[in-house]
Amino acid sequence: MSDSTPVISCKNVWKLFGPNPKQYLADMAPGRSFDEIRADGYIAGVKDVSVEVGRGEMLVIMGLSGSGKSTLVRCFSRLHDITGGTIEVDGQDIGELDENGLIEMRRNKMGMVFQSFGLLPHRTVLDNVAFPLEMRGQDRHDRRERALEVIKLVGLEGREEYFPRELSGGQQQRVGIARSLAIEPDIWFLDEPFSALDPLIRREMQDEFLRLQEMLGKTIVFITHDFDEALRLADRIAIMKDGAVEQCDTPDQIVLNPQTPYVEKFTEEIEKSRVVHARVLANPVNGTAPEGEPVRAGHTILQLARQLVNDAREELPVANKKGELIGVMNRQEALDVLLGKDT
Amino acid sequence: MADIATKIDTDTPGLPPMRIVQLMVGLALVLTLARPVLPDFLVRLPESWIPPLADWLDYFFNVIVIETLRINELTRWFAEGPLDFMLGFTANLLEGKHRWPFVGPLPWSCVAAVAAVIGYYLGGWRFALLGGGTFVWTAMVGQWKIAMQTLSVLAVAAPLAFFIGLLMGIAAWKWNWFDRAVKPFLAILQTIPFFTYLLPAVIFFKVGPTAGAIATTIYAIPPMVLMTALGLKKVSPEIVEAGKMSGSTRWQMLTKVYIPSARTEILVGVNQVIMLCLAMVVLTAFIGMPGLGGKLLAMMNSFKLGRSFEIGVTIVLVAVMLDRFSKAWVVKLPEHHERGTSWFVRHKYLVAAVVGFVAFLLIAQFVEILDKVGRRQSLSMGKEMDALIKGFLAIDAVQAITGWMRYFLNVWVLIPFRNALLYIPTPAFILLVVSFAYWLGGKRPAIFAATFFTIVAFSGWWDRSVITLYSVISAVILSMFIGIPLGIFASRSEKWSTRILLLCDTAQTFPSFIYLLPAIMLFGVSDVTVVLSIVIFTTVPLTRYTIEGLRNVPGEMTEAADMSGATKRQKLLSVQLPLALPTMAVGFNQAIMFAFFMVIIAAFIGTQDLGQELQRTLAGTDLGKNFVLGMNVALMALTFDLTIMNWAQKRKKALGLS
């Protein structure tokens, strides 16, 4: 398995809720809309979704409540059995796994964090974090050691013997995160992990999360209904509505080129210059190399605002971290992103 | 259920429901008035029409169940084998019966010490005092042996009921078909009079402790099943998913995720199991089981009021202790210890219990009074108290009041009412009940009422059923006059609400048998005593639900009434009571169920109703008759239950309260 094979690959996945979904899907005329399906007595939780998640990538699934984002992620871990299509994890069709195979996969490959934490109320922090290890039969000493390690990682040292009810929401979610990391999963599912928290704590937890991700480099599927959160964290964002993916792209592309009216409505209120990076606006160099100091590819247009306003050059060279030239950016184009187009 | 009824109300063309009710009541009145000229078969069903249900049932039991299927060999094996062994074990430890492991009886001081430590663990000094005090009292008044006889059966029946209930609850949660199959069965089990459990228990499981334990166990199972299923269903989906994502197998899911997460409901079930077991184990006196109940029955029969009172106090103390302890256990959450705390500190309560136990065990070897309190040493004041109570009752003023009340209730209320009910021809009576069910509950309860009461009519025990009903109705109406005003009064202030609710809570833990005591003390043995003991028993739920209904009226609504310038009275009549009525109806329903329960127990005072006949069957092997009688009680109770609960549900929906 090379690095380029996607970790999760799902093709034409359907999840219908209703009395006899398999039969209904087989007989259904193609192209039926969400509302038509509902009129037939079925709810399309996931509607013909094809998405891939690459190794080490963070895919954020964004959508309002009822858009099917939680359902989709539960299909990835087979908490829901899908009605149609295939989902492969590391090249293995998970629909074909038997109960033991499924349990093995979850014990070794996957971790999940839940919106309301899903902690076991009768277990201490330590025992909650060690729970997945206990399930796979690791011995007491080992799992204690590993659990303490993860607890330290999420900054809950000294609270090992507390019960969930004795912790604040933010701390409880740290326990949830620690538990999901205990088995060192390759794939990390986070279902609106910060939605139940206060705005200030949420911000703090996002930073914490980014720090962890930098350290661990997991493949992540992150669910949120908060567009800002999505823009802040994502490598790629999949925007869902009525069970279907409206657009799946990098944050830059989503704000620059929204593909459907629905996505456009989300991006309207967003300060684009905070999201768009110089790298995205860089065009290939043709012929002459532009002169002068290059701008950094990884900077957002907002970070470059002062320079863009003051610099007189028509075209600005864009360089990556190592200082290699990757293209040129049209200053007017960049200013348009910063200030909005002249109309 | 409710929407079926409401739909039918609108669907019926032509006749509005009120008109149907009027028609039925009218017809019933005409039939009643015309009784002197009615043909005999319309007044009472002729004997020849009555199917020999009891004989068929007897045949079923004797020939099919016992002779052909030989179920009784299996049950006897269980009774004589494992059950007898377990009962012998607890009986040896607690009361010193000569059975394996031949170590008992434990000194009473050991038991009291352990109870005190458990109490301290669960609720601090007050609970320690309650736990220790209960056993000290029991030993001191010289009732240790009988109390231990009762507890040794309880110690077997309660865990048995717990395990069976837990397993059935898991099955009901896991398989829908099982849930559906078992629900109506549980509903019937909860309305069947206790005497109906007893006889089959005797026939299939020998006389004495074994039968008592079995009847007690069966009686206590239903709430455990319901609570377990409820708790498992309520486990949050995220916790379930977290368990699955941790790679739990099905067995791990059940034992490590579901059951611990449903802890609260399961422990509430445990509380109910213990309380029902205690209530029942006391009643097993009627099949000759020795213990607190048996002694109480004997003392009451010989009118030794002082001793009866002392036994009553013991039973109440044990009940309150068991209830408080098990309820405290529900809310008791594990406490964490900092890392590195030593084993002894972590398990300090266990250590204290063991130390207390061993210490008293050793001391009791030398100090005899801590081992056994002999007859001479006991502080029982039975005789003195007897004299006191009898002296009090002999005071002219007291006698005048009780005598007048007995006269008034008997001559002006109870007997006329009973005679009136008995005068009504059977079909008219059924019509009245059906119209009541239709008026309150709608079509479905009406159909049930018609079916159930027709079955009762054909069972051949009509008059006795009517007398049973008469006691129930008159007692519930009387207790309404006490319970509802008391509830209204109490609900006015926070302070009184909590006080009265606490009182009701405590009173509800008393085994029903206890409620006979004050009634007998005051009124001796008469019809009034029966009704009054039911009244005392049923006032409790009525008061309780009145308070809860009134207290739970949304604050905005009473504030809106205040701002509209309503007087206290106006607010009560037009805002609070209408909104509280559905909740009060639940209390009313419970009162009726309690009344049906009590009226059967009261049989031993000497009634002429179904209970009396039921009690007679206990002496023989009339299983068929016993079942028919029990069924009658259950059918009548179910009619009221269905009707009132249907109404309460409909009403709550209409008010947007549910």
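All figures in this text were calculated on a predicted structure; none of them were measured in a lab. In what follows, chains are A, B, ... by sequence order, proteins preceding strands, each numbered from 1.
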One thing to verify: whether [Y] and [X] come together as a salt bridge, which I'm taking to mean a side-chain N less than 4.0 angstrom from a carboxylate O.
{"X": "A:Glu229", "Y": "A:Arg202", "result": "no"}
{"X": "A:Asp90", "Y": "A:Arg55", "result": "yes"}
{"X": "B:Lys183", "Y": "B:Asp179", "result": "yes"}
{"X": "A:Arg159", "Y": "A:Glu166", "result": "no"}

Which one of [options] has the most heavy-atom pairs closer than 4.5 Å to chain B?
{"options": "A:Met105, A:Glu104, A:Arg74, A:Arg136", "value": "A:Arg74"}
{"options": "A:Arg165, A:Glu160, A:Met110, A:Met112", "value": "A:Arg165"}
{"options": "A:Pro121, A:Ser116, A:Gly176, A:Gly158", "value": "A:Ser116"}

### Task
Decide whether A:Asp93 and A:Thr86 meet the rule of one side-chain donor and one side-chain acceptor closer than 3.5 Å.
no

### Query
Using a heavy-atom distance cut-off of less than 4.5 Å, which residues of residues 224-245 of chain B contact chain A?
B:Glu238, B:Ile239, B:Glu241, B:Ala242, B:Gly243, B:Lys244, B:Met245

### Message
Quick check: under 4.5 Å, non-hydrogen atoms only, which of residues 324-332 of chain B neighbour chain A?
### Response
none

### Message
Parallel, tilted or perpendicular, judged at 30° and 60°: which one describes the rings of B:Tyr120 and B:Tyr349?
### Response
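Correct class here is tilted.
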
Main chain of [Y], side chain of [X]: is a donor-acceptor contact present, judged purely on distance under 3.5 Å?
{"X": "B:Glu548", "Y": "B:Thr583", "answer": "no"}
{"X": "A:Gln172", "Y": "A:Pro164", "answer": "yes"}
{"X": "A:Arg143", "Y": "A:Phe131", "answer": "no"}

### Value rounded to 0.5 Å, distance of CH2 in B:Trp175 from CZ in B:Arg180
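If I round to the nearest 0.5 Å, the distance is 14.5 Å.
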
### Query
Can A:Lys15 be said to sit on top of A:Phe17's aromatic six-ring, NZ or CZ under 6.0 Å from centre and within 45° of the ring axis?
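The answer is yes, since A:Lys15 meets both limits relative to A:Phe17.
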
### Query
Got more than 12 heavy atoms from elsewhere within 6.0 Å of CZ, B:Arg126?
no

Considering only heavy atoms, which portion of [X] lies under 4.5 Å from any heavy atom of chain B: side chain, backbone, both, or neither?
{"X": "A:Glu134", "answer": "both"}
{"X": "A:Phe189", "answer": "side chain"}
{"X": "A:Leu133", "answer": "neither"}

